[in-house]
There are 2 protein chains.
Amino acid sequence: MSLRMALLGVLDIRPSSGYELSRFLHASAGWVWSAPQSQIYPLLRRMEADGVIKAELQVRGERLERRVYELTEEGQVELRQWARTFHPSPTVHDPIALQMLFLDTVSTADGIRVLTEYAAEQDDRAAHYEHRRDRLLAHDTPLLRERLLTAPREQHDRIAQSKAHVFDGQARLARERAAWAREAIGLARSNPG
Amino acid sequence: MSLRMALLGVLDIRPSSGYELSRFLHASAGWVWSAPQSQIYPLLRRMEADGVIKAELQVRGERLERRVYELTEEGQVELRQWARTFHPSPTVHDPIALQMLFLDTVSTADGIRVLTEYAAEQDDRAAHYEHRRDRLLAHDTPLLRERLLTAPREQHDRIAQSKAHVFDGQARLARERAAWAREAIGLARSNPG
DNA sequence: CAGGCCATGTAATCTGTTACATGATTTT
DNA sequence: AAAATCATGTAACAGATTACATGGCCTG
């Protein structure tokens, strides 16, 4: 359901083709919800059949077509309805936590290597999130700018801050995960097996 | 792949039936990786066909059978191999982050309600994680006790601590998410739309 | 003898990933 | 002329959820 909402959410701000949506997810919102093209294109067709979006065909050059989608009224309603409702979090699937539960059966050196790479991966993600947060605070991303066109000027900072806060939260979680992994390394070293 | 490893990891400590594995995931490791019975039973059959586990049939009462699985040597190897290798984290799917990105289009009151329920949910989860962490530190869970039977006594505390650290990490992440949501409420209130 | 727990599954559906396929347009 | 980018998809598989189905055993 959430990918559907991600697409509706973007289309609510700016009509886009499947290709643009795919690129956008990869570049920015993809840091909270990602999906490959092969999932996006069929879903758009289905959403069109459901009547929540409609396509306008555009011709670029002579033969190259693109389908530019926009929300219908049903789509608007579905998005608002979803956004204003609390949805319980899905069940937990945390691979590194699971791996750590069984890490006491491998050598200390191997365990430390796994945790070190994990910490580096999470720090790297955190840096990306922080960069995006800062760009949002500076009103420096295309989609935010388009969003602000339809909002009264005195709300611009509040909207930017609320979106930046999403990425700030993700950054903090990633830093917390990296710190957790380094503590685990400390545990492993303090009492090597 | 991870559910497969969760099952291998438990079976490495104690031979169990599908029902026991299902209950165990629901009760404890389920807090890091959960799955319904309908996913576990077919997977066990498949893993048996793959030769990583083998079943012994037990008869309880007259007709009621249970299949008690244990690891084969191939299973041992697969588990160790997986545990000592770093696996990049899967792509991000965070529904509440996505919802927050579009929360600026609903009323402040609705937004605050969603975030309040989310914070409560995460605090609730954190409490469960903390409880499990404390039980592990006290060596007070059945599976840990069985694990410790096959480890030298001087390593018991280290093993318990490393498993407790998994749940401590999950608890801290949940608390962080709750704090994030409350900050978002603050943002929404400070500049209501 | 009723209610809860033990025990194993199937069916249908939805969601997500990886790999492949095709061809036009634009830029260097 | 080659390389990068724009553009839309299909196929096969893997992973996860929800609902349903069946029946025996154990305790009060």
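These values consider heavy atoms only, across backbone and side chains, with no hydrogens, waters or symmetry-generated copies. Residue numbers start from 1 in every chain, and the chains themselves are labelled A, B, ... in the order their sequence lines are given, proteins ahead of strands.
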Q) Are any non-hydrogen side-chain atoms of R133(B) and L136(B) less than 4.5 angstrom apart? A) no

Between CG of D94(A) and P of dG15(D) the distance, given in whole Å, is 17 Å

For [X] and [N], is the shortest distance between a side-chain N/O and OP1 or OP2 below 4.0 Å?
X	N	answer
Y19(A)	dT8(D)	no
Y41(B)	dT8(C)	yes
S38(B)	dA16(D)	no
S22(A)	dA7(D)	no
R45(B)	dG9(C)	yes

5' precedence on DNA chain C between H93(B) and S17(B) (nearest-nucleotide basis):
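Nearer the 5' end of the strand: S17(B).
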
Comparing nearest nucleotides in DNA chain C, the 5'-proximal residue of the pair L43(A), Q39(B) is Q39(B)

- Just call it for Q37(A): base, sugar-phosphate, or nothing, with non-hydrogen atoms closer than 4.0 Å on any strand.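 Base, at least one base heavy atom under 4.0 Å.
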
Check nucleotides 25-28 of chain C for protein N or O atoms closer than 3.5 Å to its own N or O atoms and list the pairs.
residue: dT25(C); atom: OP1; partner: E62(A); partner atom: N; Å: 2.6
residue: dT25(C); atom: OP1; partner: R63(A); partner atom: N; Å: 3.3

One thing to verify: whether R177(B) and D94(B) come together as a salt bridge, which I'm taking to mean a side-chain N less than 4.0 angstrom from a carboxylate O. no

Discussion item. Between R14(A) and E20(A), does any NZ, NE, NH1 or NH2 come within less than 4.0 Å of an OD or OE carboxylate oxygen?
Written reply: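 R14(A) and E20(A): not salt-bridged.
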
>> Whether the side chain of Q99(A) engages the backbone of W82(B) through a donor-acceptor N/O pair (distance < 3.5 Å, no angle test) should be reported.
In response: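 Pair found, side chain donor or acceptor close to backbone of W82(B).
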
Closest nucleotide of DNA chain D for W33(B) versus for R23(A): which of these residues is on the 5' side?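 With W33(B) and R23(A) compared, the 5'-side residue is R23(A).
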
Margin query: Distance check, rounded to the nearest 0.5 Å: H156(A) atom NE2 versus R145(A) atom CZ?
Written below: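 So the NE2 of H156(A) and the CZ of R145(A) are separated by 12.5 Å.
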
*Name the orientation class of the two ring planes belonging to F167(B) and Y129(B) (parallel below 30°, tilted from 30 to 60°, perpendicular beyond 60°).*
tilted

